[in-house]
Each structure stands twice: as structure tokens, then as C-alpha cells.
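First the structure, in the form of C-alpha cells, and then the observations on it.
Predicted model, so just to flag it, every value in this text is computed and none were measured. Each chain gets a letter, A, B and so on, in the order the sequences are listed, and its residues count up from 1.
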Amino acid sequence: MNKNIAIDVRDLTVGYGDYILLHDATYQVHKGDIFIIMGGSGCGKSSMLRVLTGLLPPQKGDVVINGTNIATASAEEVQKIREKSGILYQSGALFSSMTLAENIALPLQQYSDYSDETIRELAHLKLALVGLTGFDDFYPSEISGGMKKRAGLARALAFDPDIVYFDEPSAGLDPISSHNLDELILELNQSLGTTIVVVTHELDSIFTIGNNSIFLDAGSKTILAHGDPKELLKNPPNQEVYQFLTRGEKK
Amino acid sequence: MKSKTITSSKNLSPVQIQQKGDVLLLSFNGNIINYESQDLLKTIQNSFSRGVNHLDFQTDFLQDWDSSLLVILYEVLRMAKSNNIHYSLTSLPDNLQQLLNLAFAVDRKPSHSQSEKLPVIERIGQLAMQFYGQTISVLKYLGAVGGGVWRFLTASSIMRKTDFLAALEECGPQALAIVALISFLVGLILAFVGAVQLQTFGAQIYVASLVTIGMCRIMGAIMVGIIMAGRTGSAYAATIGTMQVNEELDALQTMGLSHIDFLVMPRLFSLLIAMPILTMLADFMGMMGGAFVGVFLMNLPYQEYWKYAFNAFNLSNFSVGIFHGFCFGFIIAICGCYCGLTCGRNADSVGLATTRSVVTAIVWMIVVTGIITVICQELGI
Ligand SMILES: Nc1ncnc2c1ncn2[C@@H]1O[C@H](COP(=O)(O)OP(=O)(O)OP(=O)(O)O)[C@@H](O)[C@H]1O
Ligand SMILES: [Mg+2]
């Protein structure tokens, strides 16, 4: 097994019951990559993330994350993988009955032996890392959508994860906040060496941050393209990918 | 060539249909706003089946129009397509052409249709499979709840004290007023209904016994059960369902925090504690309601009333009532949380989950009441 591969997906079928979203998906994500999953609405990008994070069992095929195959792993092993992955959900998914600091402290309280004092300081630090200094005692309902995304990221970072997953990080953000989030993702990737998997439609982000990608297609239910998005734009393998990357231009 | 003119309604109609040989000409005149098109479409459909194979439009006198014109054109063109009739849009105004092109641009049907019409036998089979699946999922859930209780007893649960206290406050102190009011009124009603009958025997004083036994044995618990299913069980379903929609349940699961320990346990324990206490309150308030009718409206002597009330009071009735309350607490919490946890991922399904939680809780409360009654009968309690 190659030590440099963070995620190795082979012949994967994703679906809910009889409803197949994607079949025979094969791709690798290397350690330290910023990997983009793109595709039209409803093609199964979020579902793909749910498979990678062990929330949705694969219908067929193998998903090997840092050497553990999710398809065959025990519940404890899947849990180990999850502890080492951070997830920023499409909607932030902060717990609304807790303050931001409590949201971040929650996984730390569960899985670490830190004292309450240390946990509070860690939560404060993680919030500061995403530019939310001083918002420790705010409730999710009291902050804006962009801040929720960043708070969600702070929570995803609580455990110094190996892989961080982002589901449409810039959806619903203004251009500046979304640019700042991209910067944050790049910084994270460079300073911590974190592998990053991003689901996004935002062409700007795709080209500025991504260095590898897959393109999912709802019609054929397959991966239509795999590679560096900048290369894909230069040599588009097919019409769909070209149109997606050029915002609908016809070749 | 003989030309036949069919006018759809009056003479100066905004839409005119003319058939010349195998060409059908549609002329649009004046304003076509809020135009009701069903009759017109039927007429056109009929003439399509009478040897038309070319469709033409005439819009020189068309002035103002809205979507109703677009609907006519869209439907006519769809009929034309399915009847293999030739047409050209060039005689229509440019903006109409553009809109029609947009409407016809995507011809793809959604890839999975939800409600196919199935034969009856297959539908029955499907329902049976659904029922089987649901039963399995409920049993798994009950097993998981059992596991949660065990973890709590062995102190390895991750239930948070603050969550428990918040839930307890919601279903304890905050429910006192409504429970007190409703059970006072129920006591009042019981007394009234009883009094009318008992008066015919001159036995009004037994109203005291009636109300006491009725409230303590069952009515107190039932009233509290219904109130709490409506205000607390539904709130559980809505809160947890909304967490599903916001992906908070996913987040909990990926953090390895069990939904059962984290969400169900605090709610279950607080209802298990609150329900018996609320039932006691309801018993007491019901008796007060009875006394109100007896003393103030039927002019029974105050001491006499309470004497009969206490004579009728008996510990086994009272504890059966409390036991009902305890069981109802379990049912309400279990149904509310289950409906929330199995909620779909959109706002609609939260509403559905809420309704379902109340209905299932009430049904199961009645079923359990029946079972307890039969058991008590057998045991002679
Ligand atoms: N729990 C579920 N059960 C059944 N079908 C589901 C479920 N979740 C999602 N789907 C279906 O799977 C399809 C893909 O959903 P998914 O959320 O993965 O799409 P997506 O690519 O993330 O779309 P978007 O860009 O809009 O977020 C949708 O058509 C949806 O109806
Ligand atoms: Mg999505």
C-alpha cells in the first residue's frame, strides 16, 4: 500500500436502497492534496462525503481511508477514522442549544483527558484560528451564516484531523467571506499539511485551491473526469466538464 | 378551396381557429390576459384528429399577453409534437419564441419517479415489507434505548447533565400550569356529569367518591398523558427532526456521540421523573375541581365532601394511576424521539414527524391502558 495515499476508492457504488447515484467510482486522494468533488446539483456529492466519513455504507466496492477499509471495518475502526477526520457540513450543523465554545468543546470532552480549563482554552484558540475571537459565548442563532461556517470549521479542527471534508463551504457566503474561507483552507493545508476534500460549485475556488478533482455526472452515474482542474480546463475530456468549468460555454 | 371557421366563443374572440385543408391557423388578437384555455385546447385537439398536419400562427393584431397565452402555445405545441404535426414558430413575436424554446429546452424526465402506479397485490406486498422494515427498526431502536439505560446505570453514559436539567425543566415546572388547569376542569366535568345521575337517587354526596376514584385511578394519568404528548412529545420530535435537517445528527454521529445517549436519554429520564409527579398533581387538582362543584354548586357540606373523598381514596387505585403516568412518560419520550430520529431531510418531514409522534403516542397510551386494566383485573387490584 502506498503510504502517500490518504483516500483510496475502488469500484465504489453509492446509493440509497435501489436508488443508485453513482457506480464504479475509482479515484485516489494523496496526502496533502486539496481534492475537489464537483458536479451538478443532486448528482450525489454530499452522499459521496457521507460514504467517505462512514455515515453511509458503500453498496459495493472499497473505500480505504489511511489504510482502513470502511467497507469491511468494525464499528470501532470506523469510529477511529471519524475521530481523525473533521467535517464542515453544508449547513454548518452547529448544535443550536450550545454556545460556540461548547460546540467545539463537546468532542474534546468526549475523547480527551484535558481539564475543563484546558478545553476552554483550546476552544478559544480554535475559534481564534478561524477569526471568531470573542464569540465563545454566542449561540449559533446569534451569528451570521458565514460565521456559522467558520465556527463549524473550528469544530472540525478540534481534534487536529488528518483529513478535513468541506461540503459546499462557500454556499450562501458573500464573495469576500468566500474568498477568506478559501484562504483559510489553503493556510490550513500548508501550515498543518492537512488533506482536504472540498465539495464545491464555485469555479474561483476550484481553480485557486484545488490541485486534484473528480467530476460526477448524474446522467451517466459515473466519474466523468479525474485530475487537476486547471489541466481539465486546458484539455477537457468531454463537453460536460468543459461546460461546467467555463460556466456553460459551448465548445 | 372551402374554408371552415371555428370560433372558440364570441365573434370578436381573442383566439380564432381556422382550418384550410390540412393547415390549422391560430390567430391571436388584442389582449390575451388571464385567458381560460381549456375549451380552446379541446377544440384544437379535436381538429388535430381531423386530418391537420400543419400548424401556423398569426399574431399581427396581438397586443398585450401574459402566461396564459404561453400556456396555450406550450400545450398546443406539445399536442402537435405528439401528433407529428409540423409547425414553425417564426410568425410569433421574438420574446414568445424565446420563452417557448426555454420551456422545451430540457426534455429529460426526473430519473426516479416516486409514485408509480402498482397493481394491488404488489402494493400490499410493498406495505407488508414496509411494515416489516419498520418493526425491525423500532425493535433495534428499543434495543439501543435499553443499551443507553444500561450505560447510564453503569455510569458510562455520555449524557450531559445540562441537557437533562433543561429537559426536566421543560417537562416539569413549565408544564405545571396547563396540567393543573386541565385536570381541574376535568374534575369539574366528572362531578357535573355524575351529579346529574346521582341526584335522581338523592345520592349527590357520592360525587366525591366518583371524582376521587375516577381521577386517581385513570383520568389524571390519561389527561397528563394527552397534554404531554401534545406539548412535549411533539416538541421532542420537532427538535430532533430539525437537527436531522440541519445535519446536526450527522455531526453527532461522526463525532462518535450516540444519538441515544445524547438526545434520547435526557428526554426519557426527565419524562420518567416528571410524569408521575404531574399525575399526582392532576389527581389533586381533579379532586379540587370535584369539590368546587360539590361545595359551591351543589351545596354539599364541606367537611362531608372531603370525608367521602378520603374514604374513597385508596392507595392501590392511586398507585395504579401513578404507574400509568410512568408508562405514559416512557411511551411519549420513546415515540417523540423515534419520530425525530427517523425524520426526513426537509422541512415537510419535520411537520410529519411531529404529527406522527403525537398520534402514535396517544394510540400506544390507549393500548397500554387496556393491557394494564386487564392485568389489574386478573390480579384483582
Ligand atoms: N437519505 C436519503 N434517502 C434517499 N435518497 C436520498 C437521501 N439523501 C439524498 N438522497 C437523494 O440523493 C440524491 C443526491 O443527493 P446529494 O445530497 O448527495 O446531492 P448533492 O450532489 O450534494 O446535491 P447539492 O449540490 O444540491 O447539495 C438526491 O436526488 C436526493 O434525493
Ligand atoms: Mg450537497
Just give me the residue among B:Ile158, B:Asn246, B:Asp163, B:Thr254 that pairs up with chain A most often, heavy atom to heavy atom, under 4.5 Å. B:Thr254

With the side chain counted from C-beta on, respond yes when [X] and [Y] share a heavy-atom pair under 4.5 Å apart, and no when they do not.
| X | Y | answer |
| --- | --- | --- |
| B:Lys81 | B:Phe104 | yes |
| A:Ile143 | A:Leu100 | yes |
| A:Leu224 | A:Thr222 | yes |

With a 4.5 angstrom heavy-atom cut-off, which part of B:Leu249 approaches chain A: side chain, backbone, both or neither? neither

By a 4.5 Å heavy-atom criterion (distance strictly below it), what part of B:Met243 contacts chain A: side chain, backbone, both, or neither? side chain

Any side-chain donor paired with an acceptor under 3.5 Å for B:Arg123 and B:Gln126? no

Donor-acceptor pair between A:Ser46 and A:Gln90 side chains, under 3.5 angstrom: yes

Got a salt bridge between B:Arg231 and B:Glu170, using NZ or NE/NH1/NH2 to carboxylate O under 4.0 Å? yes

So that I can tick it off, tell me whether A:Asp167 and A:Lys45 are bridged by a salt bridge, with the cut-off set at under 4.0 angstrom between side-chain N and carboxylate O. no

Could you measure the distance from the CG atom of B:Leu263 to the CZ atom of B:Arg160? Nearest 0.5 Å is fine. 10.5 Å

Side chain, backbone, both or neither: which part of A:Leu106 has a non-hydrogen atom closer than 4.5 Å to chain B? side chain

A:Ser96 versus chain B, heavy atoms under 4.5 Å apart: side chain, backbone, both or neither? both

Using a heavy-atom distance cut-off of less than 4.5 Å, which residues of residues 153-165 of chain A contact chain B? A:Arg155

Please evaluate residues A:Glu77 and A:Lys80 with respect to the criterion salt bridge (Lys or Arg N to Asp or Glu O under 4.0 Å), reporting the C-alpha separation (whole Å), side-chain torsions for both, the decisive distance (0.1 Å), and the verdict. CA-CA 5 Å; A:Glu77 285 172 323; A:Lys80 280 262 154 49; over 6 Å; no

Highest number of heavy-atom pairs under 4.5 Å with chain B among A:Gly54, A:Ala93, A:Pro107, A:Gly86 belongs to A:Ala93

